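For clarity, every value in this text was computed on a predicted model and none was experimentally measured. Naming convention: chains lettered A, B, ... in sequence-line order (proteins, then strands); numbering from 1 in each chain.
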Amino acid sequence: MDESNSSPLSDFIRDIIDEDMKTGKHQGRVATRFPPEPNGYPHIGHAKSVCLNFGIAAQYGGTCNLRLDDTDPSGESMEYVESIIRDVKWLGFDWQDRLYYASDYYDKLHRFAVQLIRMGKAYVCDLGVDEIREYRGTLTQPGRESPWRNRSVEENLSLFERMRAGEFDEGTRVLRAKIDMNSPNVTMRDPIMYRIKKVNHYRTGDSWCIYPMYDFAHCLSDSLEGITHSICTLEFENNRPLYDWFLEALNVIPRPQQIEFARLNLSFTVLSKRKLIELVGKGVVGGWDDPQMPTLSGMRRRGYTPEAIRDFCERIGVSKNDSLIDMALLENCVREDLNEKAPRVMAVLRPLRVVIDNYPEGRVEQFDCPYHPKNTEMGSRIVPFSRVLYIEQDDFMENPPKKFYRLAPGREVRLRYGYYIKCVGVAKNPDTGEVLEVRCTYDPETQSGFAPDGRKVDATIHWVSAAHSLPAEVRLYDRLFRVADPLGGGADFTEYLNPQSLEVLGTCRVEPSLAEAMPENRFQFERLGYFIVDQVDSRRGNRVFNRTVTLRDSWAKIAEKGAKR
RNA sequence: UGGGGCGUCGUCAAGCGGUAAGACACAGGAAUUUGGAUCCUGCAUUCGGAGGUUCGAAUCCUCCCGCCCCAGCCA
C-alpha cells in the first residue's frame, strides 16, 4: 500500500486540532489516548477509535497512550487486557512505554475526591439505589435534593473514610458531587463519584472496596496523563459538562478537551460489546476469536489484514452522523489488499471426478505455475497433472442455461495452466441422477493454454490432480446476520442470525504445494476467494482453511437473477 | 410536552455565501489462461421540508419535520 502520496487525513476533529495548533491552545501539543475498558475483546468499532487516536498523534507529532479504563472490577479481567494489547499491536500501533491503567490512579483519584469534599463540593449520600433513582427525577421533571446533601465536611470526610475502610455494605452509601438536582441534563444531578463494591479487582486485588465512576475517573485520568484531546463517542456528549465540571472544580492543569464522534456501525453484524458477549455466552459462535465475529481477533483468524482494516478505518471517515457502514466496503478493502499480496493456488471445494480418456494412464506432468498473474517476483510452484482430476461441481452442468459457459456435454474449456478438455460423457447414479464422474478428452496441443488452430474456449476452470492433491477442510464464512441492521428489525437481534454464516466442507482437495502452508498463511484459491490457514485448528494431518472473503463473482449475480425469474 | 446531538446520491462523505469532490455499491462496455484483477463510461439541476435575506444559499435567518443519545451505585 502506498500511503506516501495520499493527502493528509482531514475531518472535523483534525480541524479542531489544526485550530488549536494555530492558537497555541495546548502549547502546540497533541496527546491522545485509546481508553478501552477491559471487559471484552476489541472489535472493528474499537479499531476506528484506535486508528483515529493513534493516527492523529502520528500526524501531529504527538503521542497516544494506551489506557485501560478499569474502574468497575466486575467483568474486567487480565484476559481482556491481554486481548486489547495483542490486538492493538497487531493492528500496527505502538504506545511505547505509555501503557496506563485507571486503576493506577486510584490513590490520586481518592485524594481528588477528598479535596472535593473539603471544598464542600461532594458529599456522602445514604440513599439506596431505588431512592437515588427516585430523587433523580425524570427527563421532564427536575430531581430533588438528597436529605444528606448538606452534611458537614467533617462528617463527609469521616463517612467517606469509613466507606473506604469497608464499614458499609454495597449499595448503602455513595459519594456524590454536589452540582444541581434541577439541571435539565440528568448527568449533572449530583452524579455518583464513588460506589461501594466489595469485589476483587483483577489488578488491585482487595485493597479497595470503593471504586470511582467513569465520569469522575476519566477526565482526571486524562489530565493526569496530559491528554490534550480526549476523543470519545457521541453518547458521551451529555457527559461533557460533567467532564469539564470536575476539572474546573479541582482546578487541575492541564485541561484536556473532550471531543465526540460517531461510533462505527457495520451492516450485517453487531458491534455492541454487550451483544457480542451474548453471542459468546450463548455459544452462537465459538468464542471471541471465532472468524464470524467482528472482533479483531476473529477478523484476524478470518484472514483480514491489519492493512485492510486500517484502510477501512480511513475510508469511512469521521463525523457526528449516526451511520451504518456497508459491509461491502470492508470486504472491498480486504480484497484490494489481498489481491496484491496473496499467492494464487488451486483448490477444489466440492470435488467432481474428471477422467481424461485419452491421457495415458500413469503419466504425470509437472506444470510450472506462477503464484501471481502480475507480480512475477512471487515466483511459481509445480502443479502435477494426471489422468484423473477433480474439478468444482459448480463448473459442470449437464443442462446449462444460456449464460453458463463452463463445462457441459460436448463443450470444451481450458484447465487453468493446463490443457483444453472436452466433455465426452457423464456417468450418473442411475437412481438419483447425480453426476458421479465426467469423461473428457484433452488436446495435447493446448498445453500453452491456446490451441494452435486458434480456436477459442469460453471458460477457464481450476482443477487438481486426484492422486496428488491433498485433503483439506475448508470453512466458508459468510455474513453473521441475514439483515443489514439486526438491531433495527424489531425482534431480538439473534432472530436475524444467518444460518449459513458458517459452512464446513470436509472433503476438499488442494494442490500439493499447500503441504508447506503454515498457520496464518494467506492464499487466493483461484476463482473462489481468499483463504487463510486456520491458526488454531489446522494441523499437518488436517489442514483447515478459512475463507476470508469471496472473489467478486459476476456469475453469481447472473445466476441469482436467473433464479429469481 | 426537559436537555444534548444529527439530517448532502443506495451506503459513507467533502463542501464553511459564488453556483454539488471522492469512495463503496450499482449499471453498461473494453480487454482477459481467475465470469478475478485492470481500464473506460454512466450514476444528486440538487443538499429533510417550507418561508426569508442576498445579484447569488447545501452554506446565513425563521419555523416545521425526522432520527439518535441521556432517568446504571456500566463505560
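- Listed nucleotides B:A13, B:A71, B:U34 differ in distance to A:P373; the shortest reach to its side chain belongs to B:U34.
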Using the 3.5 Å cut-off, write out each protein N or O paired with an N or O of nucleotides 24-27 of chain B and the distance between them.
unit_1	atom_1	unit_2	atom_2	d
B:A25	OP1	A:R552	NH2	2.7
B:C26	OP1	A:K557	NZ	2.9

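- Qualifying side chain to side chain contact (heavy atoms under 4.5 Å, CB included) partners for A:F367, counting only residues two or more places apart in sequence or in other chains: A:E365, A:C369, A:F385, A:Y419, A:Q447, A:W463.
- Checked against the 6.0 Å centroid criterion, the rings of A:F525 and A:F545 qualify as a close aromatic pair.
- Atom CD1 in A:I259 sits roughly 20 Å away from atom P in B:G4 (whole-Å rounding).
- Non-hydrogen atoms lying under 4.0 Å from RNA chain B are contributed by A:G171, A:V174, all within residues 166-175 of chain A.
- Counting any heavy atom pair closer than 4.0 Å across all strands shown, A:F450 reaches a base atom.
- A:Y211 and A:H201 share no side-chain donor-acceptor pair at under 3.5 Å.
- For B:C60, the paired nucleotide is B:G52, the pair qualifying as Watson-Crick or G-U wobble because both relevant distances are below 3.5 Å.
- What separates OH of A:Y417 from P of B:G36 is a distance of 15 Å, to the nearest Å.
- Rounded to whole Å, the distance from OH on A:Y405 to C1' on B:G36 is 11 Å.
- The base-pairing partner of B:G72, taking Watson-Crick or G-U wobble contacts with both distances under 3.5 Å, does not exist among the strands shown.
- A cation-pi arrangement is present between A:R173 and A:F168 under the rule of less than 6.0 angstrom and at most 45 degrees off the ring axis.
- Here A:D394 does not pair with A:R406 in a salt bridge; the nearest charged N to carboxylate O distance is not below 4.0 Å.
- Qualifying side chain to side chain donor-acceptor pair (under 3.5 Å) partners for A:Y530, counting only residues two or more places apart in sequence or in other chains: A:Q524.
- A:F450 carries A:R414 over the face of its six-membered ring, with the cationic atom under 6.0 Å from the centre and within 45° of the normal.
- Remark: the A:Y243 side chain and the A:D222 side chain contain an N/O donor-acceptor pair separated by less than 3.5 Å.
- The list of side-chain hydrogen bond (donor to acceptor under 3.5 Å, both in side chains) pairs with a residue in residues 266-277 of chain A, not counting sequence neighbours, reads A:N39-A:K273.
- Remark: A:R203 engages A:S103, A:D104 in a side chain to side chain donor-acceptor pair (under 3.5 Å) (not counting sequence neighbours).
- B:C12 and B:A75: their P atoms are spaced 31 Å apart (whole Å).
- Scanning atom types as modelled, one donor and one acceptor separated by under 3.5 angstrom connect the side chain of A:R274 and the base of B:G72.
- Taking atom C1' on both B:G66 and B:A27, the two are 31 Å apart, rounded to the nearest angstrom.
- Look at A:N339 and you won't find any side-chain N or O under 4.0 angstrom from OP1 or OP2 of B:A37.
- Applying the side chain to side chain donor-acceptor pair (under 3.5 Å) criterion to A:D11, with sequence neighbours excluded, gives A:R14.
- Remark: P of B:C70 and OH of A:Y214 are 14 Å apart, rounded to the nearest angstrom.
- Rounded to whole Å, the separation between the C1' atoms of B:G5 and B:G22 comes to 26 Å.
- Glycosidic conformation, B:G72: syn, with the torsion inside 90° of 0.
- Salt bridge annotation for A:R522-A:D337: absent, with no cationic side-chain nitrogen under 4.0 angstrom from a carboxylate oxygen.
- At B:C73, one or more side-chain N or O atoms of A:R136 fall inside 4.0 Å of OP1 or OP2 (strictly under the cut-off).
- Between A:E225 and A:R33 there is no salt bridge, since none of the side-chain N atoms of the basic residue sits less than 4.0 Å from a carboxylate O of the acidic one.
- For B:U8 and B:C43, the C1' atoms lie 16 Å apart once the distance is rounded to whole Å.
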Quiz prompt | Base versus backbone protein contacts along nucleotides 64-69 of chain B [heavy-atom cut-off under 4.0 Å; B, S, -] | solution = ----SB
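- Comparing B:A13, B:A75, B:U34 against the side chain of A:T71 picks out B:A75 as the nearest.
- For A:R344, the side-chain atoms get nearest to B:U34 when compared with the rest of B:U34, B:C16, B:C74.
- Partners of A:E237 under the salt bridge (charged side-chain N to carboxylate O under 4.0 Å, His left out) rule, at least two apart in sequence or in another chain, are A:K320.
- Listed by residue number, A:P184, A:V186, A:I192 are the residues of residues 182-193 of chain A with a heavy-atom contact under 4.0 Å to RNA chain B.
- Aromatic ring centroids of A:Y41 and A:H46 lie 6.0 Å or more apart.
- As a whole-Å value, the separation of A:E526 CD from B:U34 C1' is 5 Å.
- The nucleotide B:C6 finds its pairing partner in B:G66, both defining distances of the Watson-Crick or G-U wobble pair being shorter than 3.5 Å.
- Rounded to whole Å, the P atom of B:C26 lies 42 Å from the corresponding atom of B:C64.
- Rounded to whole angstrom, the span from the CG atom of A:D215 across to the C1' atom of B:C74 amounts to 10 Å.
- Straight-line distance between the P atoms of B:C6 and B:A14: roughly 13 Å, to the nearest whole Å.
- Listed pair A:S319 / B:A13 meets the phosphate criterion, a side-chain N or O lying under 4.0 Å from OP1 or OP2.
- Proximity note for A:T460 (side chain, C-beta onward) versus B:A75, B:U34, B:C12: the nearest is B:U34.
- With rounding to whole Å, A:L271 atom CG is found 14 Å from B:C12 atom P.
- Between the P atoms of B:C65 and B:A50, the separation comes to 15 Å (whole Å).
- With sequence neighbours excluded, the residues forming a side chain to side chain contact (heavy atoms under 4.5 Å, CB included) with A:M378 are A:P343, A:Y371, A:H372, A:N375, listed by chain and number.
- Checking B:A25 for Watson-Crick or G-U wobble geometry (two distances, each under 3.5 Å) identifies no partner in any strand.
- Nearest to the side-chain atoms of A:T138 among the listed nucleotides B:G72, B:U34, B:A71 stands B:A71.
- Look at A:K22 and A:E19 and you find a salt bridge, because one of the NZ, NE, NH1 or NH2 atoms lies within 4.0 Å of a carboxylate O, short of that distance.
- Atoms CZ (A:F12) and C1' (B:C6) sit 11 Å apart, rounded to a whole Å.
- Using atom P as the reference point in both B:C9 and B:A21, the two lie 14 Å apart (nearest Å).
- Taking the nucleotide of RNA chain B with the nearest heavy atom to each of A:K197 and A:D553, the more 5' of the two is matched to A:D553.
- Each of A:W555 and A:P35 lies near RNA chain B, and the nucleotide nearest A:W555 is the one positioned closer to the 5' end.
- Counting any heavy atom pair closer than 4.0 Å across all strands shown, A:Q447 reaches a base atom.
- Among pairs with a residue in residues 371-381 of chain A, those fulfilling salt bridge (Lys or Arg N to Asp or Glu O under 4.0 Å) read A:R381-A:E511, at least two apart in sequence or across chains.
- Side-chain atoms of A:E237 lie closest to B:G4 of the nucleotides B:C73, B:U34, B:G4.
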